[in-house]
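Lettering follows sequence order; numbering is per chain, from 1.
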Number of protein chains: 2
Amino acid sequence: MSTAEKADRVSRRQVDKFEERRRELAAAALTTLSELGYARTSLREIAQNSSFSHGVLHYYFRDKVDVITYCVRQYKAACVLRYDQIVTTADTADGLARGFADGLVATLVEDATMHRLWYDLRSQALFEESFRADVTEIDATLERMVWRIVSRYGELRGAPVPTPSAMTYAMFDGLFQQALLRHFSARPGATTDLHASVLDLLGRLVPRS
Amino acid sequence: MSTAEKADRVSRRQVDKFEERRRELAAAALTTLSELGYARTSLREIAQNSSFSHGVLHYYFRDKVDVITYCVRQYKAACVLRYDQIVTTADTADGLARGFADGLVATLVEDATMHRLWYDLRSQALFEESFRADVTEIDATLERMVWRIVSRYGELRGAPVPTPSAMTYAMFDGLFQQALLRHFSARPGATTDLHASVLDLLGRLVPRS
DNA sequence: AGCGCATCTGGACGACTGTCAAGATTTCGT
DNA sequence: ACGAAATCTTGACAGTCGTCCAGATGCGCT
């Protein structure tokens, strides 16, 4: 083994460990953000949610924006996983519709804090230019996710969906966001209303045969 | 004039002036919030946007939460005004629909910073219990506003709107929010797409005759 | 074993925050 | 015009923030 090969192996292992730590810290940052929100999250608080001290954050990240940005990117991956498992296989239109509605209700309750973080960060993107690109990209991913389900639903119903993808996503997002606010307000009917309105909207998107 | 009457007049005038100052400071706070967002707004920054020094804020408000809460309430009044002027009188369904779409596009552009503040505060309400009641109340007001227009639209079309009020509001809000993000991202088509999708959704809400 | 580098700690820094109070200034009825 | 009450300014306070760094600790290689 040449010295060059050895050096390569060493640096590769170091890079791997480096990336692993970054992910670990980003996970701690993510839970902190989802609990406190963007406005109240500090680097020291993030470090306390990890097994390290606050100084290490500047060893793995340039500054606070770098931490948050990396977080958001990691959040996106979790998002896609969450949405992808909503509907795996459904052979009937009604089955797909029920699976979609059930999945949204489930993630509304189980991942409530993560969802509120998403809406918080999307609002921050309206103020801070630096977040905008990442937020827009995540939004596009979510839009594609919704569109995959809706267009498959139209397929199963035997009719193409005449609604633009962006509009479709926006409406479902509106429904979900209102349900989330109701959920945190502990007002009753948040989950059942979301379920019903998702089915309702889904039915409207495909023209009656 | 008795001494009691005199004292009453004096205290009444003082209360008026007191309230006037509160409104003045709240206005400064609102412009600051709409420019910087909740996370980056400080009391000193608010005072700099007014003609007073930072200390006076604690003369007119208990603490920071009191300032923000009062702000939000004042914001609500502005909201209602803005939405109310969208559609004053329309005698045809198509006229009402066009007026609604035009109004939303206009306020999207003109009051963009205020709208992003609203979404920011609504996100904060998902984290901070103290904002929740006010945010929910404003949301209900906006819902009623949208419902007034939509139900009137159904009336003009000669058919009742079978969609629940909450669901209707949520979908329009979703459309508007996405348009706002696109507007700040300077992506093209934000206004035209909003206009088209509002007309589209409005048409879908009322069953074909 | 001992060297060298990666990793991590804990404290220090200046800037900023919300809050408060003492005193200066203005307002206003008499 | 005088005095009291309302109003406003200014500076201070105890914290917290992001950032940085000197030094401790750990680990892998020869």
Side-chain angles (χ1 to χ4, degrees), chain A residues 1-26 28-29 32-33 36-71 124 128 130-131, chain B residues 1-26 28-29 32-33 36-71 124 128 130-131:
Chain A
M1 185 161 49
S2 73
T3 62
E5 278 170 346
K6 274 192 268 185
D8 185 58
R9 277 219 312 210
V10 166
S11 77
R12 193 174 300 272
R13 187 170 52 231
Q14 279 171 3
V15 167
D16 286 353
K17 185 164 187 183
F18 193 79
E19 270 305 318
E20 193 189 348
R21 275 279 182 281
R22 277 171 73 97
R23 271 195 294 272
E24 195 176 342
L25 288 170
T32 311
L33 282 165
L36 301 180
Y38 174 80
R40 286 160 292 280
T41 292
S42 69
L43 294 182
R44 283 173 173 81
E45 197 81 31
I46 292 174
Q48 270 191 338
N49 276 11
S50 78
S51 53
F52 303 99
S53 72
H54 71 272
V56 85
L57 278 161
H58 280 86
Y59 183 77
Y60 289 102
F61 297 95
R62 198 176 347 103
D63 54 9
K64 191 183 181 183
V65 184
D66 195 21
V67 178
I68 309 275
T69 303
Y70 191 91
C71 264
Q124 294 310 312
E128 273 205 33
S130 47
F131 294 164
Chain B
M1 185 161 48
S2 75
T3 61
E5 279 170 343
K6 274 192 268 184
D8 185 60
R9 276 219 314 212
V10 166
S11 76
R12 191 174 301 270
R13 186 170 53 232
Q14 278 171 4
V15 167
D16 287 354
K17 183 161 189 183
F18 194 80
E19 270 305 318
E20 192 188 348
R21 275 280 182 280
R22 276 170 74 98
R23 271 195 294 272
E24 196 177 341
L25 288 169
T32 310
L33 283 164
L36 302 180
Y38 174 81
R40 287 161 291 280
T41 292
S42 69
L43 293 182
R44 284 173 172 80
E45 197 80 34
I46 292 174
Q48 270 190 338
N49 275 11
S50 78
S51 52
F52 303 100
S53 72
H54 71 272
V56 85
L57 278 161
H58 279 86
Y59 183 78
Y60 288 102
F61 297 95
R62 198 177 347 104
D63 54 7
K64 191 184 182 182
V65 184
D66 195 20
V67 178
I68 308 274
T69 303
Y70 191 91
C71 265
Q124 294 311 312
E128 273 205 34
S130 47
F131 294 165

Participant: I need the minimum non-hydrogen distance between Ala28(A) and Ser50(A), along with the two atoms involved.
Facilitator: CB-CB, 3.7 Å
Participant: Starting at atom CD of Gln48(A), determine the distance to atom C1' of dG10(C), rounded to an integer number of angstrom.
Facilitator: 14 Å
Participant: Show your reasoning for whether side chain to side chain contact (heavy atoms under 4.5 Å, CB included) applies to Arg21(B) and Phe52(B).
Facilitator: CA-CA 10 Å; Arg21(B) 275 280 182 280; Phe52(B) 303 100; 3.2 Å; yes
Participant: Let me know the distance between CD of Glu20(B) and C1' of dA6(D), rounded to the nearest Å.
Facilitator: 15 Å
Participant: Measure CG/Leu25(B) against C1'/dG18(C) and give the value in whole Å, please.
Facilitator: 16 Å
Participant: dC8(C) P sits how many Å from Phe18(A) CZ, rounded?
Facilitator: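 Between P of dC8(C) and CZ of Phe18(A): 10 Å.
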Participant: Looking at Arg23(A) and Glu20(A), does any basic side-chain N land under 4.0 Å from a carboxylate oxygen?
Facilitator: no
Participant: Looking only at atom types and distance, does a side-chain atom of Arg22(A) sit under 3.5 Å from a main-chain N or O of Tyr60(A), one as donor and one as acceptor?
Facilitator: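 The answer is yes, because a donor-acceptor pair under 3.5 Å joins these two groups.
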Participant: Please state whether the phosphate of dT7(C), meaning OP1 or OP2, lies under 4.0 angstrom from any side-chain nitrogen or oxygen of Tyr59(A).
Facilitator: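 Affirmative; the distance criterion is met.
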Participant: List the atom of Cys71(B), the atom of Ala29(B), and the distance in Å for their closest heavy-atom pair.
Facilitator: SG-CB, 3.2 Å
Participant: Give the minimum heavy-atom separation between Ser51(A) and Glu24(A), together with the two atoms involved.
Facilitator: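 Scanning both residues completely, I find the closest heavy atoms to be OG-OE2, 3.9 Å.
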Participant: Rounded off to whole Å, could you give me the OH-to-C1' distance for the Tyr38(B) and dT17(C) pair?
Facilitator: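 After rounding, the reported distance stands at 13 Å.
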Participant: Using a heavy-atom cut-off of 4.0 Å across all strands, would you classify Phe61(A) as base, sugar-phosphate, or nothing?
Facilitator: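 No contact at all - Phe61(A) keeps every heavy atom at 4.0 Å or more from the nucleic acid.
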Participant: Sugar-phosphate means primed atoms, P, OP1 and OP2; the rest is base. With that split, encode nucleotides 14-25 of chain D 5' to 3' as B, S or - using protein heavy atoms under 4.0 Å.
Facilitator: ---BBBB-----
Participant: Could you state the atom-to-atom distance from NZ of Lys17(A) to P of dT7(C) in whole Å?
Facilitator: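 Rounded to the whole Å, the gap is 6 Å.
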Participant: Defining pairs by Watson-Crick or G-U wobble geometry with both distances under 3.5 Å, how would you list the stems of DNA chain D with at least three pairs each?
Facilitator: C:1-30 with D:1-30
Participant: At their closest point, which heavy atom of His58(B) faces which heavy atom of Asp63(B), and how far apart are they?
Facilitator: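 His58(B) and Asp63(B) have their closest heavy atoms at NE2-CA, 4.2 Å.
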Participant: If every non-hydrogen atom of Leu33(B) is compared with every non-hydrogen atom of Tyr38(B), which pair is closest and at what distance?
Facilitator: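 Smallest heavy-atom distance, with atoms named: CD2-CA, 3.9 Å.
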Participant: Atom CG of Leu57(A) to atom P of dG10(C): distance rounded to whole Å?
Facilitator: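 Value for this atom pair: 14 Å.
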Participant: Run the side chain to side chain contact (heavy atoms under 4.5 Å, CB included) check on Ile46(A) and Thr41(A) step by step: do they pass?
Facilitator: CA-CA 7 Å; Ile46(A) 292 174; Thr41(A) 292; 3.8 Å; yes
